[in-house]
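Here the structure is laid out as structure tokens; the discussion comes afterwards.
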Amino acid sequence: MTTLLILALLLPVAGSALVLLLRRNPNAREAASLVTAGALFAVVFSIYQAVMRGERPAVVLAEPFPGVPIVLEAEPLGVLFALIASFLWIVTTAYAIGYMRGHHEENQTRFYTFFAFAIASTMGVAFAGNLFTLFVFYEVLSLTTFPLVTHAGTDAARRAGRVYLGILFSTSIVFQLLAIIWVYVLAGTLDFTPGGILEGRASAGMAPLLLGLFVFGIGKAAVMPFHRWLPAAMVAPTPVSALLHAVAVVKAGVFAVLKVTVYIFGTGFVTATAASVWLMWVAAATIILGSLVAFRKDNLKARLAYSTVSQLSYVVLGAMLANALGVIGSGMHIAMHAFGKITLFFCAGAIMVATHRTEVSQLDGLGRKMPLTFAAFLIGTLSIVGLPPAGGAWSKWFLGIGALEAGQVGLVAVLMLSSLLSLAYLMEIPLRGFFGRATEEGDPQPGHEDRAHGPDGGHGDHGFHGAPRWSLAAILVTAAACIALFIHPDPFYRLMTLVTAP
Amino acid sequence: MISEHLPILQVVIPLLAAPLCIFLRGRAAWGLAALASGSALAISLALLGRVLSTGAISYALGDWAPPVGIEYRVDAVNAWVLVIVSTIGAVVGPYALLSVEREIEARRIPLFYAAWLLCLSGLLGMAVTGDVFNVFVFLEISSLSAYALIALGRDRRALTSAFRYLVMGSVGATFIVIGIGLLYSMTGSLNMADLSELLPGVWDTRTVRVAYGFLAVGFCLKLALFPLHLWLPNAYTFAPSAVTAFMASTATKVAVYMLLRFFLTVFGAAFSFDVMRLDLVLLPLALAAIVSMSLVAIFQENVKRLLAYSSVAQIGYMILGLSFASATGLTATLLHLFNHALMKGALFMALGCVMYRIGSVRIEAMAGLGRRMPITMAAFVAGGLSLVGVPLTVGFVSKWYLIVGALERGWWPVAALVLLTSAMALVYVWRVVEAAYFRQASAGARRSGEAPWSLLAPTWALVLLNLYFGIDAMRTAEVARVAAELLLAGTGR
């Protein structure tokens with residue numbers, strides 16, 4: 001079992017080496033990516049089966065200094081995250097083949113290499129057995145995604161890269177690391193332990209501050225005011241935005257918040273000290289403000305990015321509720337939002353490759369030319385908003401009753417308001433697509449320079465040629481998954497009940 | 001047989017090799033210097049091994065029994081410092097060959113290596129000796145040769161910066177010798193172990209306290225503690241690359257060691273922390289150094305000068321650890337002595353490679369180097385990450401202990417400040433990275449290729465050590481802990 005854990009970490013690394021080796025032959029190179037992704041999912045799936053059998057495999061990789069080892073351990077929450085990330089890696093690779101070729105991107109080998117590295121770091125985050133290991137892979141993930149964000153190499157990409165690393169690094173170094181070492185000094189250990197390690201060791205007055213250091217220090221969770229890196233990261237090619245900045249990287253952030261709440265503080269300790277009450281409202285504010293900003297963005301990817309900012313705080317909010325239902329909702333929202341948002345990004349990318357349009361206001365009538373893409377967008381929208389028949393309905397449901405159970409009626413109102421807002425800003429796109437009057441052929445407005453889509457604008461129109469086949473297939477898979485998860489959310493639900501009632 | 005004499009061989013081999021260099025030509029002089037540095041490393045490693053397994057070694061020079069004769073005394077603390085100095089010496093030694101040929105006139109090269117070896121033996125001597133006057137002698141040997149080494153820089157401003165260093169350094173040395181003289185007048189002894197037994201009897205005299213003050217100022221000048229650091233940035237900026245790499249990683253470290261040795265062993269930790277409140281004096285200075293110098297570093301255009309200011313900030317970290325007056329704090333200090341030597345050594349050596357190829361280390365001159373000199377710049381990035389304190393590098397390990405030390409004292413604002421300055425380090429490292437990887441190459445960079453492997457190999461050796469001891473810090477942390485406990489022995493801290 002433990003070899004599987006190491007394999008989960010090493011497979012993507014091996015994949016990136018393979019990609020480098022096969023750089024002269026693009027078809028073989030992409031095949032290598034696909035095969036690695038498939039193998040990784042198989043590995044993660046067998047870890048999942050083992051965990052469902054009640055096993056908790058763990059392996060120590062190194063011990064940098066006394067008492068603080070680097071450990072991999074499989075537990076339900078991590079498995080959930082790893083399952084999603086590894087499955088969506090397969091889909092995204094397929095999508096990327098269509099996208100990168102259709103969009104004539106340069107440096108594709110570098111792209112696939114760092115992509116695989118980023119997945120390896122994500123696996124490290126998912127299977128981190130203690131806070132230190134989590135921190136290490138968290139930082140490695142920032143580093144490995146940086147070349148992907150700045151892929152275009154333009155000035156805009158450079159500026160965005162500066163914001164990206166600047167915020168992610170400085171929050172993690174200044175707040176998160178301080179919090180981690182503080183926990184270490186208080187508890188003498190950093191191991192993730194069911195029930196937490198801080199009870200009886202940290203004072204009630206300190207707990208809110210310490211939890212705050214974590215929530216803000218984990219910049220990848222994009223809680224305002226440390227969310228600016230996420231819209232900035234949208235200069236990256238769309239597959240990166242889709243998998244990394246809707247799934248792997250951002251979910252690594254909220255996953256870390258959830259893990260700290262459950263396994264370091266312990267939900268009982270959080271509730272007893274009311275440590276999280278002020279953070280619930282910070283998350284609520286991010287949910288609403290993120291939606292409001294999304295409303296005002298005409299650039300499609302920027303709108304989706306702010307929608308992500310808003311949705312991530314649902315997960316943070318669920319963690320801060322610190323009761324069983326909140327935690328279940330939180331974990332399930334990691335899954336549901338992943339499938340929903342990746343579908344939306346895939347569609348945005350497909351539209352861009354097919355028509356070179358990047359602004360919402362340019363999409364009028366396009367739905368009649370790309371019906372499958374826009375239908376998928378509609379399904380993704382339903383999932384994000386939390387409407388049946390899409391999986392997002394379940395996580396919103398649990399979050400809502402979790403908030404009620406915590407006695408926070410105000411938060412229920414926030415959740416409802418935000419659902420309405422997201423419905424409004426996302427539905428605009430399929431509505432325009434299907435019912436809008438088509439604009440003149442081949443006359444897209446060039447994007448504004450200050451928008452986070454630098455490399456994608458200004459390509460000139462080559463006329464309409466439809467979404468790349470590989471990309472369309474990927475879109476259909478994730479859209480179908482959104483619906484399947486409404487009918488059958490059971491695997492994720494069962495994993496989460498293992499977290500709350502071990 | 002020979003193993004008994006290791007303490008003296010540690011100093012004598014480079015000391016004797018130095019005059020021989022003058023009789024040799026260019027490359028032969030280098031060969032001798034590199035050989036002597038290599039043997040110094042072997043000896044220091046052997047000494048550290050012995051000390052850790054069997055305890056302190058005492059060596060009576062010329063068989064004159066201490067305290068009358070000069071004693072060389074090696075324990076975990078100075079064996080550790082010897083390893084630091086000789087490691088850097090042994091790595092920079094091979095590196096020097098091409099770098100020095102490029103930067104220094106051919107006829108001066110034998111003189112350069114003579115001065116180099118003198119500097120090395122002076123630093124090793126200060127670390128190995130157990131006699132306070134001997135400290136002063138070796139201090140002068142290392143300082144005078146250092147002035148000469150810096151003055152050899154090909155920029156004419158090297159002369160003025162060497163002169164400035166000479167003035168400041170001499171003031172420092174004078175303060176130290178006055179302090180030593182006062183101690184001698186009160187106790188009649190120059191032997192460290194002997195002094196540590198005699199001093200408690202005269203603790204309450206004004207003379208001893210004045211001596212304490214003189215020594216404090218003297219050492220703080222030598223180790224460039226803010227605000228006595230003014231000699232350092234220019235000296236590091238204009239010295240030949242190899243000299244900067246060597247000096248930045250060793251000279252200030254040995255001065256920090258002397259401070260620890262005098263105030264914790266000779267005067268005793270109890271006297272320093274409970275009576276003189278050294279911790280309270282050093283804390284604000286250390287914090288001021290860390291914050292102000294990190295800030296200044298951000299605005300430098302010359303990368304060597306940028307790293308020089310960063311060095312002053314990093315010295316602040318070492319002194320900060322001391323000011324915690326705890327075993328954890330001192331462990332952090334001693335770890336950072338080693339770790340900072342590794343990271344700054346690697347960074348300055350990478351800059352030396354840049355200097356070798358394009359003849360400038362200004363940020364704008366380094367534009368586009370990421371493509372032209374990928375191996376060099378990768379080394380710089382790795383060293384920079386270590387400087388910032390990214391996990392799995394040595395910088396992280398030091399920072400970890402430093403923050404644990406701060407939090408143990410309950411000084412969480414200090415911990416926050418340390419982390420904030422790490423973020424500032426990120427900014428100044430990033431400026432270089434961004435120029436190298438995201439800006440178009442300037443005319444100079446366009447012509448350049450990768451540096452020769454004889455420069456790259458030693459650079460990367462240090463980079464790999466940065467990573468190795470960042471992933472497996474068990475051994476270094478253990479040695480630092482043993483040494484810290486030794487320094488605090490008997491105080492119950």
Side-chain angles (χ1 to χ4, degrees), chain A residues 61-70 124 131-143 146-147 150 152-186 188 190 206 209-210 213 217 219, chain B residues 328 331 335 370-371 381 385 388-410 412-427 429-431 433-435 437-440 467-478 480-481:
Chain A
L61 292 184
E63 190 159 355
F65 31 100
V68 191
I70 295 182
L131 207 43
F132 174 69
T133 314
L134 181 68
F135 179 70
V136 168
F137 284 110
Y138 178 98
E139 297 290 46
V140 175
L141 184 57
S142 307
L143 281 178
F146 177 76
T150 57
T154 56
D155 265 357
R158 190 184 68 186
R159 274 196 304 274
R162 198 189 286 169
V163 174
Y164 185 78
L165 261 199
I167 292 183
L168 290 184
F169 255 160
S170 51
T171 51
S172 67
I173 288 176
V174 179
F175 302 131
Q176 192 187 154
L177 185 55
L178 181 62
I180 291 173
I181 300 180
W182 204 337
V183 168
Y184 179 72
V185 170
L186 290 173
L190 291 173
M206 187 193 289
L209 179 64
L210 195 51
L213 281 178
Chain B
T328 315
T331 307
L335 262 176
R371 277 181 187 276
V381 170
L385 290 177
V388 175
V390 172
L392 306 185
T393 62
V394 288
F396 181 76
V397 182
S398 324
K399 221 147 269 181
W400 178 277
Y401 277 91
L402 202 57
I403 291 163
V404 170
L407 291 177
E408 276 177 1
R409 292 286 310 248
W412 64 266
V414 173
L417 210 58
V418 169
L419 291 168
L420 200 67
T421 49
S422 306
M424 287 158 79
L426 178 65
V427 175
V429 169
W430 194 250
R431 291 189 62 214
V433 172
E434 208 174 79
Y437 287 93
F438 290 101
R439 258 186 248 158
Q440 284 302 310
L467 300 177
Y468 177 77
F469 286 113
I471 294 168
D472 180 12
M474 281 298 214
R475 205 164 304 158
T476 47
E478 177 63 16
R481 191 187 57 78

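Below, read A as the first sequence line, B as the second, and so on, with proteins coming before strands; counting in each chain starts at 1.
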Practice task
Mind listing the closest non-hydrogen atom pair of A:P66 and B:A477 along with its distance?
Solution key: CD-CB, 4.3 Å
Problem - Side chain to side chain, A:F169 and B:W430, heavy atoms closer than 4.5 Å - result: no
Fill in the blank from the handout: Here the gap from B:L419 atom CG to A:S170 atom OG, rounded to the nearest 0.5 Å, amounts to 11.5 Å
Problem - Note, A:L177 side chain near B:F396 side chain (heavy atom, < 4.5 Å) - result: yes
Practice task
Quick one: which of B:V427, B:L426, B:V418 has the most heavy-atom pairs under 4.5 Å with chain A, could you say?
Solution key: B:L426
Fill in the blank from the handout: Whatever's closer than 4.5 Å to a heavy atom in chain B on A:F175 counts as neither
Fill in the blank from the handout: In terms of heavy-atom pairs under 4.5 Å with chain A, the winner among B:K399, B:M424, B:M474 is B:M474
Handout entry: Residue part contacting chain B, namely of A:E63, when any heavy atom lies under 4.5 Å
Key = both
Handout entry: Rounded distance (nearest 0.5 Å) linking atom CG of A:L213 with atom CH2 of B:W412
Key = 8.5 Å
Exercise for the section: Check whether A:L186 gets within reach of chain B through its side chain, its backbone, both or neither, counting any heavy atom under 4.5 Å. Expected result: neither
Problem - Atom pair OG1/CD1 of B:T421 and A:I173 - distance to nearest 0.5 Å - result: 10.0 Å
Problem - Structural part of B:F469 lying under 4.5 Å from a heavy atom of chain A - result: neither
Problem - Region of B:V390 that comes under 4.5 Å of a non-hydrogen atom in chain A - result: side chain
Exercise for the section: Could you look at A:V185 and say if it's the side chain, the backbone, both or neither that has a heavy atom under 4.5 Å from chain B? Expected result: side chain
Exercise for the section: Answer whether the closest heavy-atom distance between the side chains of A:I70 and B:L392 falls below 4.5 Å. Expected result: yes
Problem - Heavy-atom pair with the smallest gap, counting every atom of B:L385 and A:L143 - result: CD1-CD1, 4.1 Å
Problem - Side chain to side chain, A:I180 and B:W400, heavy atoms closer than 4.5 Å - result: yes
Handout entry: Per-residue contact mode, B:A415 against chain A (heavy atom under 4.5 angstrom)
Key = both
